[in-house]
Number of protein chains: 4
Amino acid sequence: MRNNKPKYNQIIEAAVRVIAENGYHGSQVSKIAKAAGVADGTIYLYFKNKEDVLVSVFEEKMGQFIEKIAESTSQKQNAEEKLQTLIEEHFGQLSADYYLAIVTQLELRQSNYSLRLQINNVLKPYLTVIDNIVREGIEQNHFRSDLNTPLVRQMIFGTLDEIVTNWVMKEQKYDLLSQVPEVHALLIGALSRTD
Amino acid sequence: MRNNKPKYNQIIEAAVRVIAENGYHGSQVSKIAKAAGVADGTIYLYFKNKEDVLVSVFEEKMGQFIEKIAESTSQKQNAEEKLQTLIEEHFGQLSADYYLAIVTQLELRQSNYSLRLQINNVLKPYLTVIDNIVREGIEQNHFRSDLNTPLVRQMIFGTLDEIVTNWVMKEQKYDLLSQVPEVHALLIGALSRTD
Amino acid sequence: MRNNKPKYNQIIEAAVRVIAENGYHGSQVSKIAKAAGVADGTIYLYFKNKEDVLVSVFEEKMGQFIEKIAESTSQKQNAEEKLQTLIEEHFGQLSADYYLAIVTQLELRQSNYSLRLQINNVLKPYLTVIDNIVREGIEQNHFRSDLNTPLVRQMIFGTLDEIVTNWVMKEQKYDLLSQVPEVHALLIGALSRTD
Amino acid sequence: MRNNKPKYNQIIEAAVRVIAENGYHGSQVSKIAKAAGVADGTIYLYFKNKEDVLVSVFEEKMGQFIEKIAESTSQKQNAEEKLQTLIEEHFGQLSADYYLAIVTQLELRQSNYSLRLQINNVLKPYLTVIDNIVREGIEQNHFRSDLNTPLVRQMIFGTLDEIVTNWVMKEQKYDLLSQVPEVHALLIGALSRTD
DNA sequence: TATGAATGAGATTTCATTCAT
DNA sequence: GATGAATGAAATCTCATTCAT
């Protein structure tokens, strides 16, 4: 695998740092190369072009992000707990990585359509995790049986994403993790049976 | 106000069209000028720079969008109905204006940080409308009294925004308005008192 | 026509000068722009890209070159005189324009395949002039009737071209025009009836 | 000599193949190395630099080409026959080696001035062969005594070269060798005594 | 000898903005 | 007010060459 090569990871890590500090449009290849301690041309030994660097940043970082969430949730027994864990991990990981939060919430969204499509692809497994929790909640009779899974998934993802983006744009001045219980309560309220 | 001048509006309308058809990065000043039937230099008689054109597009279009929502909701008596009307108007207006939906959901999000801050400013009155509905629902004892208004507002806006973005990215192949009841039910579920 | 625009001609003339002085591969767009007294970007208002500049140099210069030859030869009555005039003009014009000779004989031949095909196209009318002289000579019974016109044309053009190239590579240290009679005699020897 | 080393020849042969298939500008050192089955760096153990590879290709290939012509013509008794043999060999060898024809007629001509000077040097022995035939013809009283040898040599070489180049550019769609008699007749016509 | 990963200089082209008319 | 020709800064990517192993 290419990520055994140390230079590959050096470049990815440098890219996150440079993008977080200079913004998407201020992140020239030469700046990333310098931050990674390699020559400009070296970037092109590991990546097809600049867009490939950015996609790879997202793939690597979001890949880990999603994997952790998938693993943590899988260890919980019911849908409500899984949802809570998902929110905790989502907020927790982005709280813990200042640069990653800026890059994923603000900077990479400025990318062009082609890059956006690839980013959406990377996100798919996360959306599947959400879908499965919703389905499980319905099967376990904890959630309402008439839920429209895609719509619910859009609500959950849209809610979490908007909350994190607000937090990043407010320069992370408050504690994101402390909002987990309230967010969980809101979402459970939306999903639970009322009878 | 500068929007009494006919060329100002010509340019705004041309910009929406050009951005929707060519994407954010394919929308050069010269292209907008040509579509508006004016010379490149004329743009600079009405706008400070390109960013000002884009902000103005958002201001004008979202200004109308928000105004309509504010007016429609104000005619309803209680928070639940107001929320329903808000969702209807939000989905309805974007359903009705193909170009506007693409521009606001996809293209203008590719803008840089500075433009994004200005766009957020334009959105503030909309967020206030949501806040007021939430507060009213609490006061009317329809919503739970322990709701964290900003958080709830983020959930509502994040949910609606994510749903519309998905719909635009799926090339508007399904009917957005038919989802209003389900979305409303979900949000009401999240907000309502359970006792 | 685009060559009414003064900048267009400024750029063409500058390009000939720059190519002659710096060689094909030493002729960056910025160097041509500077020599023409315009900004780099101005080049692209008049030419699609760098290749278009080079093709146009050849078109304009060879266009005039060929036109003069066509006109001069047309005023002669028989094929032998026409051939003499053609050689005189061919050698004469390139003798008179130091830069043009270097550019057409040495530098533009270093171009890539695509440019070479376009250059060949420009040369076509010249080859036609030669063909017509050959045919006329045959009809007038001055040249042998069994001549293979394309082959003869290749001999004539190949001969003149090789002689000029040698002269340019020897840095034009001898007088090219003084060779006209000998060259003419050789070619007439090849073409004339022997009975 | 360095061409006792097998890798040297591997690289030369690979270079011809790569240049014929990819064109002069598409023939990177790494591509030649790969085709030769050696590492990039190995090229530099056998050649000073890329230009040296190209010059060597020309030297080796044209060396053989010229040697054969010199040998074949030396076995003929008079200038006319020698000229015929020279044309036959010139056309014959290039007809027989598809890649060599493309490389020498089209691709290597795109090289820069310095390489062109070296290529001219390689050609010198061939030009001497031609010169000797011309001088012999004059001495033998077959050719006109007033011939300017360098000029005649330029005519002969220019003619043959132009004919081959045309044939290569027309993608070798017709038989080059069948033109030998006509070409010979033309050149003999130019050189022969007319009394 | 042989390797091949790393280097880094260098050039085309775009496009927001200006300003003389 | 209106024009649009001209500006020129700025960034990606290639590829010949090197050198530690």
Between D:Tyr46 and D:Gln10: side-chain donor-acceptor atoms closer than 3.5 Å: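 D:Tyr46 vs D:Gln10: no donor-acceptor pair found between side chains.
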Sequence-distant partners of [X], side-chain hydrogen bond (donor to acceptor under 3.5 Å, both in side chains), two or more places apart:
X	value
B:Lys61	B:Glu13
A:Ser111	none
D:Asn120	none
D:Glu107	D:Gln110

What is the separation between atom [atom1] on [X] and atom [atom2] on [N], rounded to the nearest whole Å?
X	N	atom1	atom2	result
C:Tyr46	F:dT7	OH	C1'	12 Å
D:Asp40	F:dC15	CG	C1'	10 Å
A:Asn49	F:dA11	CG	P	17 Å
C:Leu45	F:dG8	CG	C1'	12 Å

Which helical stems does DNA chain F take part in, if a stem means at least 3 consecutive Watson-Crick or G-U pairs with both distances below 3.5 Å?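 Stems found: E:2-21 with F:2-21.
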First contact, last contact: which nucleotides of DNA chain E are these for chain B, 5' to 3', heavy-atom distance under 4.0 Å?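 Contact span on the strand: E:dC15 to E:dT18.
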Only one of A:Ile19, A:Thr165, A:Leu94 clears side chain to side chain contact (heavy atoms under 4.5 Å, CB included) with A:Thr104; which?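 Between A:Thr104 and the candidates, side chain to side chain contact (heavy atoms under 4.5 Å, CB included) is satisfied uniquely by A:Leu94.
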For B:Asp97, which residues count as a salt bridge (charged side-chain N to carboxylate O under 4.0 Å, His left out) partner, sequence neighbours excluded?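 Once residues adjacent in sequence are excluded, B:Asp97 has no partner under the salt bridge (charged side-chain N to carboxylate O under 4.0 Å, His left out) criterion.
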Under the side chain to side chain contact (heavy atoms under 4.5 Å, CB included) test, residues paired with [X] that sit two or more places apart:
X	answer
C:Glu67	none
B:Glu21	B:Arg17, B:Tyr99
B:Val168	B:Ala101, B:Ile102, B:Gln105, B:Leu106, B:Val164, B:Gln172

Quick check on DNA chain F: between A:Glu51 and C:Thr42, whose nearest nucleotide comes earlier from the 5' end?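 By nearest-heavy-atom nucleotide position, the 5'-most residue is C:Thr42.
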Here's a test of your reading of the structure: between B:Ala39 and C:Lys7, which maps to the more 5' nucleotide of DNA chain F?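 Final value for this comparison: B:Ala39.
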Show me the side-chain donor-acceptor pairs of residues 29-43 of chain A shorter than 3.5 Å, one per line, residues at least two apart or across chains.
{"residue": "A:Lys31", "atom": "NZ", "partner": "A:Gly26", "partner atom": "O", "Å": "2.9"}
{"residue": "A:Lys31", "atom": "NZ", "partner": "A:Gln28", "partner atom": "OE1", "Å": "3.3"}
{"residue": "A:Thr42", "atom": "OG1", "partner": "A:Ala39", "partner atom": "O", "Å": "3.4"}

Of all of residues 10-37 of chain A, which get a heavy atom below 4.0 angstrom from DNA chain E, listed by number?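 Here the set is empty: none.
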